[in-house]
Amino acid sequence: MGYQLDDALALVGASAAVEGLRALIAQVAQSSATLLIRGESGTGKEVVARLVHAQSPRSDGPFVPVNCGAIPADLLESELFGHRKGAFTGALADRLGRFQLANGGTLFLDEIGDMPAYMQVKLLRVLQERQVEPVGGTAPEPVDVRVVAATHRDLEKAVADGSFREDLYYRLNVIPVEVPALRERLDDLPLLTEYLSALHAPDGAEPLTLSEAFMALLARHDWPGNVRELSNLLQRFSTLYPGSCLEPETVPSSLLPQGLLAPEGNPFAAAPAGDDPLGLLLGKAPANPVEAAIMAGQGWGAFPEEGVSLREQLAEFESTLIARALDAAGGNVSQAARLLKVQRTTLIEKINKYELTS
């Protein structure tokens, strides 16, 4: 692939919002002040935190992320501050916490708004004193850590309703950084699409492209999942339509973002949710319930109550795809093998297996 997934993804674009964010990152990176990064899910808050670290004097030190909402409340203190052997059942040895592991570098506290109240008190003390006391320890240990926190929650509202400590909020919100939602920088869609199409292109395939009409269609979407949702969509298209130039009528409406209406004239616009997008893609009769179940695993359609035979349906899909490739190659096995990116001998074995004719 021509591109690698890197920390620039959230900042691909030339909109005023992205240019301003780049400039702010470069400015705040030189300080050791605590940052509070806010933005919706999928906007790339951790990407921003990593870029701040990479451009800071601490870049040679560790970058240690921790999702405060993903760790059980009874384990969070040990996870952050470490513990001593025998401090609790299962503590068979001393263990460093994330603060100690981030010493000399940056600690990224993601989803800080989900931190339990009792831990908010302990975190506030650590931020004030720059010392941590491991669970079961008898003396505090100094730490040299830059803290960058992030949340998608409205912390001012959380402070008002009492679910987040006001003093901790002000301790974290020294330098606020807002990451714009994708709908607020739709001018970046063409550059992001080009970047992600190259990123997700299958090995040996050219990146897919989108027509102007398709880009206009995507610009109608409000992108609740932001850059992450766009990345998933381009990966889906790159897998199903490698190297293609997509028009709105090319793609079944079931493969488009939920809530985005298919444009007038799309022959798949009225397709039932349970129809098989792969079947439509290959020109087969729609509504194969088993293939629909496979697509349901990707969030498309409903999974049949009676279950499926994955082996049988994958075989049916493979045989259909081989038949289509043979048809496109005019019966030439060598050309069909090139279209399918397999060895000619492998294709001959599968032709015989499925009793196909060239």
Side-chain angles (χ1 to χ4, degrees), residues 3-25 28 35-54 63 65-70 108-114 148-158 175-201 207-208 210 214-239 246 251 253-262 298-300:
Y3 289 83
Q4 296 296 320
L5 183 59
D6 57 40
D7 288 344
L9 177 56
L11 298 183
V12 171
S15 64
V18 168
E19 294 289 356
L21 184 56
R22 285 197 194 100
L24 180 59
I25 288 172
V28 303
L35 267 62
L36 179 60
I37 303 174
R38 294 194 282 192
E40 297 176 6
S41 295
T43 52
K45 296 185 289 295
E46 182 171 346
V47 167
V48 172
R50 288 182 180 274
L51 286 171
V52 168
H53 173 74
F63 177 90
V66 53
N67 189 322
C68 299
F108 177 57
L109 298 176
D110 198 11
E111 300 302 346
I112 191 70
D114 296 332
V148 177
T151 184
H152 69 281
R153 294 186 58 193
D154 183 342
L155 289 189
E156 287 88 350
K157 181 178 179 182
I175 301 180
V177 177
E178 294 285 342
V179 183
L182 181 53
R183 65 178 175 277
E184 297 170 353
R185 55 182 189 107
L186 290 176
D187 290 348
D188 293 329
L189 263 179
L191 287 176
L192 277 166
T193 298
E194 180 182 0
Y195 179 94
L196 290 166
S197 296
L199 174 69
H200 295 308
L208 65 81
L210 304 181
F214 208 123
M215 290 300 304
L217 176 67
L218 295 186
R220 294 165 45 191
H221 189 44
D222 62 0
W223 299 103
N226 293 290
V227 177
R228 185 184 297 125
E229 181 185 3
L230 179 63
S231 179
N232 291 344
L233 184 69
L234 269 296
Q235 185 175 20
R236 179 186 307 168
F237 289 165
S238 296
T239 301
L246 296 187
V251 180
S253 57
S254 54
L255 298 186
L256 295 172
Q258 188 175 13
L260 180 62
L261 297 177
Q298 299 297 319
W300 308 320

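The closest side-chain heavy-atom distance from Arg38 to Thr151 is below 4.5 Å. Within the 4.5 Å cutoff, the side chain of Pro65 has heavy atoms near those of the Arg50 side chain. In this structure the side chain of Leu155 reaches within 4.5 angstrom of the side chain of Leu36, judged on heavy atoms. In this structure, Val52 and Phe63 have side chains that are not in contact, with every pair of non-hydrogen atoms separated by 4.5 Å or more. Counting heavy atoms from C-beta outward, Thr43 and Leu182 have side chains that stay 4.5 Å or more apart. Side chains of Leu208 and Ser238 form a contact here, defined as non-hydrogen atoms less than 4.5 Å apart. The side-chain heavy atoms of Pro224 and Arg183, taken from C-beta on, include no pair separated by under 4.5 Å. Looking only at side-chain heavy atoms (C-beta outward), Asp114 and Arg153 come within less than 4.5 Å of each other.
Of all non-hydrogen atoms in Phe108 and Ala149, the two that sit nearest each other are CE1-C, 4.4 Å. A pairwise comparison of heavy atoms in Ile112 and Cys68 identifies CD1-SG, 4.2 Å as the closest pair. Looking at every heavy atom in both residues, Leu230 comes nearest to Trp223 through CD1-CH2, 3.6 Å. Residues Val148 and Ala49 share a closest heavy-atom pair of CG1-CB, 3.9 Å. Ser41 approaches Arg228 most closely through the heavy-atom pair C-NH1, 4.0 Å. Closest approach of Arg185 and Pro180 over heavy atoms only: CD-CG, 4.1 Å.
Glu184 places a side-chain N or O within 3.5 Å of a backbone atom of Ala181 that can act as its donor or acceptor partner.
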Starting from the C-alpha separation in whole Å, work towards a yes-or-no answer on side-chain contact (heavy atoms from CB on, under 4.5 Å) for Leu21 and Val177. CA-CA 8 Å; Leu21 184 56; Val177 177; 3.8 Å; yes
Verdict with reasoning, Val66 to Asp110, per side-chain contact (heavy atoms from CB on, under 4.5 Å): CA-CA 6 Å; Val66 53; Asp110 198 11; over 6 Å; no
Please evaluate residues Thr193 and Leu234 with respect to the criterion side-chain contact (heavy atoms from CB on, under 4.5 Å), reporting the C-alpha separation (whole Å), side-chain torsions for both, the decisive distance (0.1 Å), and the verdict. CA-CA 7 Å; Thr193 298; Leu234 269 296; 4.0 Å; yes
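In summary, the side chains of Ser15 and Asp187 do not present any donor paired with an acceptor at a separation below 3.5 Å, with no hydrogens or angles considered. Side-chain atoms of Asn226 and Glu40 include a donor-acceptor pair closer than 3.5 Å. With hydrogens and angles left out, the side-chain atoms of Ser231 and His200 include a donor and acceptor closer than 3.5 Å.
We find the NE2-CG distance between His221 and Leu186 to be 10.5 Å, quoted to the nearest 0.5 Å. The CG atom of Leu246 lies 11.5 Å from the CE atom of Met215; values are rounded to the nearest 0.5 Å. To the nearest 0.5 Å, the span separating CD1 on Ile175 from CD1 on Ile37 amounts to 10.5 Å. To the nearest 0.5 Å, the span separating CG on Leu233 from CG on Leu255 amounts to 9.0 Å.
Using a 30° and 60° split on the angle between ring planes, Phe237 and Phe214 fall in the perpendicular class, above 60°.
Lys45 and Glu178 are not joined by a salt bridge, as no carboxylate oxygen comes within less than 4.0 angstrom of a charged side-chain nitrogen.
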